[in-house]
Novice: 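My structure is below; once you've seen it, I'll send some questions.
Quick note on labels: first sequence line is chain A, next is B, and so on, each numbered from 1.
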Amino acid sequence: MDLQLYDTLAREKRRFLPLDARNVRVYVCGPTVYDDAHIGNARPLIVFDVLFRLLRHRYGAENVTYVRNITDVDDKINARAAERGVSIRALTEETYRRFHEDVGALGCLAPTHEPRATEHIAPMRDLIERLVGSDHAYVAEGHALFSVASMPNYGRLARRTLDEMIAGARVEVAPYKRDPMDFVLWKPSKPGEPAWPSPAGIATPGRPGWHIECSAMSWKHLGETFDIHGGGVDLVFPHHENEIAQSCCAFGTGVMANYWMHNGFLQVEGEKMSKSLGNFVTIRELLTSERFGARAWGGDALRLAMLKTHYRQPIDWTVAALIEAQSNLRRWRRAADGALGLERAPVPERFISRLCNDLNTPQAIATLNEICTQAEADLDAGARVDCATPDAMAGGRAAAAELVACLDFLGVAARESPAFTVDRAAVEAMLAARAAARQAKNWGESDRIRDELAAMGVVLKDSKAGTTWEISR
RNA sequence: GGCCACGUGGCGGAGUGGUUACGCAGCGGUCUGCAAAACCGUUUACCCCGGUUCAAUUCCGGGCGUGGCCUCCA
């Protein structure tokens, strides 16, 4: 079974072949740590986490290197720190800590490396020296600028020629630029701004431009050329286009990454997410506040809601979608209980093959549903007193074990982590009281107890085998 | 203005040149003191207009609509 991935550069699905199957290398653009990550930021985190899991499954966990950087030097960081009256370091450390909590709650595995921009200033300078030395860049008024005219292929990723870009350009052209599209590799720092000794003979201290950090960090951790580079579709231009320009020209290679993957954009309730519309929502707010849909959501529900849409499609982030994801989880977990006590089952190949088709998570989830239906039907048949069949029960349990394997693979826990606890003994006591009332056909008392439990968030399920309960929330 | 995506049943969302996606909701049934849950069954679709084709939701052209990028925003 081939792994097919859509490559933005080729504009088509291509069979994935790693440069080195013992070291498959992936780079994904991580957060700029000036504020909490919003739900739009969560999409690439989750999507590429699934890719990471799939690659580990195919090539072995120890043979995949996943790098997701932390950008901790940026003008937005400087501005925010000044605004809050805290040091830049304090701001980036605190934001990073919170980011880690958020991404963990979303069920994402830790990347192999999480390099920081400020710890890679030396390789950035090195790259800039090489670019200036080979006339792909020049120095002007304390800046180092990349010369787009020096690269014939510039614009290939975005499928845009320089002429087209300039035609529709709204860029403000700094007077020291040779070409309007030239972009900054290094810029001078004003007093109070983070500053490092400058490269390329520039006398004044300075700081890196936006794009150079990713070229430097991918180089240091993955090499001059690697397998997959990912990020949001809005990064195609200019960020990734410029990364390609910097890396390819600095190293004299024609390829920075063999496959370029981009996730689609996210809207909230049909509208662009923006602070002015008041629909801007962070991962943390979804997890802990009642801002969205008047309740807090589990990380699993957020993750599932994201994966129910193919990663390249636009996604509309709605309360209705979260409620539906929550129902799906409940159903799956109920069926997954049928696998209790069984050994781990391998992940079904038909499930994996869906993911191998360019990470088609909606199809994989459809397969998961089919497995769930089978488990439910067999377990139900096996449990019926009148037509109990050991074969059906065993089949149902095996299907439930497959279901658990699929859920594990997607990073969705097969059992709910107790968000809040109830007094189990009290619940059991009330259950016994209700059973006695029912025995005596005292329906009023029986229903009263059921309502009281419901108010506690405990839902009863009567069946021939007796009454079970679960936490609804 | 330039470039690029997307438009599927009540809703979400895959996919395909002729054959069931899947889920949620709804409806009918089994079960139940009632209800819930569970299980079984089941209705509704491919934005508009042309073209190619024996056949198009699927390919091509145009239109309309929504969104993205061109503004250091995933």
Side-chain angles (χ1 to χ4, degrees), chain A residues 8 11 28-32 37-48 71 74-76 155 158-161 163-172 181 183-184 187 209-211 213 230-239 241-242 262-267 270-274 304-305 308-310 312-316 318 320-328 330-332 334-335 354 357 360-370 372-373 376-381 383-384 386 438 441-444 446-447 450-451 454 459-465 467-470 472:
Chain A
T8 305
R11 293 294 197 282
V28 172
C29 291
T32 300
H38 57 67
I39 191 59
N41 299 121
R43 195 169 191 192
L45 297 172
I46 294 169
V47 163
F48 292 109
T71 296
D74 179 276
D75 287 354
K76 286 196 297 290
R159 290 272 166 108
R160 240 177 285 183
T161 66
D163 285 346
E164 284 169 348
M165 286 186 242
I166 293 164
R170 293 189 251 166
V171 287
E172 226 175 284
M181 296 312 294
F183 58 92
V184 170
K187 55 192 172 185
W210 176 29
H211 317 292
E213 72 202 60
V233 69
D234 55 323
L235 292 183
V236 170
F237 192 88
H239 186 53
E241 190 74 57
N242 291 350
H262 295 96
N263 62 271
F265 219 70
L266 174 144
Q267 285 184 277
E271 290 186 303
K272 177 170 177 152
M273 179 167 65
S274 73
L304 177 60
K308 286 179 74 164
T309 297
H310 182 81
R312 282 191 283 117
Q313 291 291 103
I315 190 171
D316 192 12
T318 63
L322 287 178
I323 292 172
E324 189 175 315
Q326 193 67 57
S327 320
N328 294 147
R330 283 173 56 98
R331 176 183 169 218
W332 295 341
R334 202 148 35 217
R354 305 296 193 199
N357 178 17
N360 198 326
T361 50
Q363 273 197 340
I365 289 169
T367 298
L368 197 153
N369 274 315
E370 285 160 9
C372 185
T373 301
E376 286 168 333
D378 287 352
L379 288 170
D380 190 64
R384 282 181 195 279
D386 48 346
R438 294 182 72 201
K441 298 201 189 299
N442 184 352
W443 309 129
S446 163
D447 291 351
R450 184 168 66 198
D451 290 346
V459 177
L460 302 185
K461 297 186 292 184
D462 293 330
S463 75
K464 276 190 173 154
T467 300
T468 58
W469 58 279
E470 66 181 28
S472 67

Novice: Take atom CG of A/Asn242 and atom C1' of B/C69, then tell me their distance rounded to the nearest Å.
Specialist: 13 Å
Novice: Rounding to the closest angstrom, what is the interatomic distance between B/C31 and B/A21 at atom P?
Specialist: 31 Å
Novice: Heavy atoms from C-beta onward define the side chain here; which of B/A74, B/C40, B/A21 lies closest to that of A/Asn263?
Specialist: B/A74
Novice: Please give the distance between the C1' atoms of B/U16 and B/U66 as a whole number of Å.
Specialist: 25 Å
Novice: What's the gap between B/A14 and B/A74 when it is taken at their C1' atoms, as a whole Å value?
Specialist: 24 Å
Novice: Tell me the closest heavy-atom pair linking A/Arg11 and A/Arg159, and the distance in Å.
Specialist: NH2-CG, 3.2 Å
Novice: Of the non-hydrogen atoms in A/Val233 and A/Phe265, which two are nearest, and what is the gap between them?
Specialist: CG1-N, 4.3 Å
Novice: Under 3.5 Å, is there an N or O donor on one side and an acceptor on the other linking the side chain of A/Asp234 and the base of B/G67?
Specialist: no
Novice: Does the side chain of A/Thr373 pick up a donor-acceptor pair with the side chain of A/Arg331 at under 3.5 Å?
Specialist: yes
Novice: State the CG-CD distance between A/Asp74 and A/Glu213, to the nearest 0.5 angstrom.
Specialist: 8.0 Å
Novice: For B/G7 and B/C47, measure between their C1' atoms and round to the nearest Å.
Specialist: 6 Å
Novice: Do A/Arg450 and B/C34 have a side chain to base donor-acceptor pair shorter than 3.5 Å?
Specialist: yes
Novice: In whole angstroms, how far is the C1' atom of B/A35 from the CH2 atom of A/Trp443?
Specialist: 12 Å
Novice: What does the 5'-to-3' dot-bracket notation of RNA chain B look like when only Watson-Crick and G-U wobble pairs under 3.5 Å count, and pairs to other strands show as |?
Specialist: (((((((..(((.....[...))).(((((.......)))))....(((((..]....))))))))))))....
Novice: Counting side-chain heavy atoms from C-beta on, which of B/G23, B/G33, B/C72 comes nearest to A/Lys187?
Specialist: B/C72
Novice: Round to the nearest Å and state the distance from A/Asn442 atom CG to B/C34 atom P.
Specialist: 16 Å
Novice: Which nucleotide in the list B/A74, B/C69, B/G33 gets nearest to the side chain of A/Leu235?
Specialist: B/A74
Novice: Looking only at atom C1', what distance separates B/U19 and B/C24, rounded to whole Å?
Specialist: 26 Å
Novice: For A/Asn369 and A/Gln267, take the nucleotide of RNA chain B holding the closest heavy atom to each; which residue's nucleotide lies nearer the 5' end?
Specialist: A/Asn369
Novice: Minimum heavy-atom separation for A/Leu266 and A/Met273, please, with both atom names.
Specialist: CD2-CE, 4.5 Å
Novice: Let me know the distance between NZ of A/Lys441 and P of B/G33, rounded to the nearest Å.
Specialist: 7 Å
Novice: State plainly whether the residues A/Arg334 and A/Glu376 are in salt-bridge range, i.e. N to O under 4.0 Å.
Specialist: no
Novice: Does A/Gly231 reach a base, just sugar-phosphate, or nothing at all? Heavy atoms under 4.0 Å.
Specialist: sugar-phosphate
Novice: Give me the atom names and distance for the closest heavy-atom approach of A/Ala305 to A/Ala321.
Specialist: CB-O, 4.4 Å
Novice: At what distance, to the nearest 0.5 angstrom, does CG of A/Leu235 lie from CG of A/Asn242?
Specialist: 11.0 Å
Novice: Between B/G23 and A/Thr373, is there an OP1 or OP2 to side-chain N/O distance shorter than 4.0 Å?
Specialist: yes
Novice: With heavy atoms under 4.0 Å as the rule, sort A/Leu368 into base, sugar-phosphate or nothing.
Specialist: nothing
Novice: Work out how far the P atom of B/C69 is from that of B/G10, and round it to whole angstrom.
Specialist: 32 Å
Novice: For A/His310 and A/Thr361, which heavy atoms make the closest approach, and how far apart are they?
Specialist: CA-OG1, 4.5 Å
Novice: Rounded to the nearest Å, what distance is computed from the CD atom of residue A/Glu376 to the C1' atom of nucleotide B/C22?
Specialist: 13 Å
Novice: In Å, rounded to the nearest 0.5 Å, how long is the span from CD1 of A/Ile46 to CG of A/Asn263?
Specialist: 10.5 Å
Novice: Rounded to whole angstrom units, what separation is found between the CZ atom of A/Phe237 and the C1' atom of B/G2?
Specialist: 12 Å
Novice: Using side chain to side chain donor-acceptor pair (under 3.5 Å) as the criterion, list what pairs up with A/Arg160, not counting sequence neighbours.
Specialist: none
Novice: Once you apply a heavy-atom cut-off of 4.0 Å, does A/Arg334 come out as touching a base, just sugar-phosphate, or nothing?
Specialist: sugar-phosphate
Novice: Less than 5.5 Å between centroids and less than 30° between ring planes, does A/Phe265 satisfy that with B/G67?
Specialist: no
Novice: When rounded to the nearest Å, what value does the distance between C1' atoms of B/G23 and B/G13 take?
Specialist: 8 Å
Novice: Using whole Å, what does the distance between atom P of nucleotide B/C22 and atom CH2 of A/Trp332 come to?
Specialist: 15 Å
Novice: Taking the minimum atom-to-atom distance to the side chain of A/Val233, which one of B/G68, B/C24, B/G33 wins?
Specialist: B/G68
Novice: Please verify the inter-ring angle class for A/Phe183 with A/His211; under 30° counts as parallel, over 60° as perpendicular, anything in between as tilted.
Specialist: perpendicular
Novice: Enumerate the protein-to-nucleotides 11-14 of chain B contacts in which both atoms are nitrogen or oxygen and the separation is below 3.5 Å.
Specialist:
from  : atom 1 : to       : atom 2 : distance (Å)
B/A14 : OP1    : A/His310 : N      : 2.7
B/A14 : O3'    : A/Asn360 : ND2    : 3.1
B/A14 : O2'    : A/Gln363 : NE2    : 3.2

Novice: Output the rounded distance in Å from CD (A/Glu241) to P (B/C72).
Specialist: 16 Å
Novice: Suppose you measure atom P in B/U43 against the same atom in B/U53; what distance do you get, rounded to whole Å?
Specialist: 36 Å
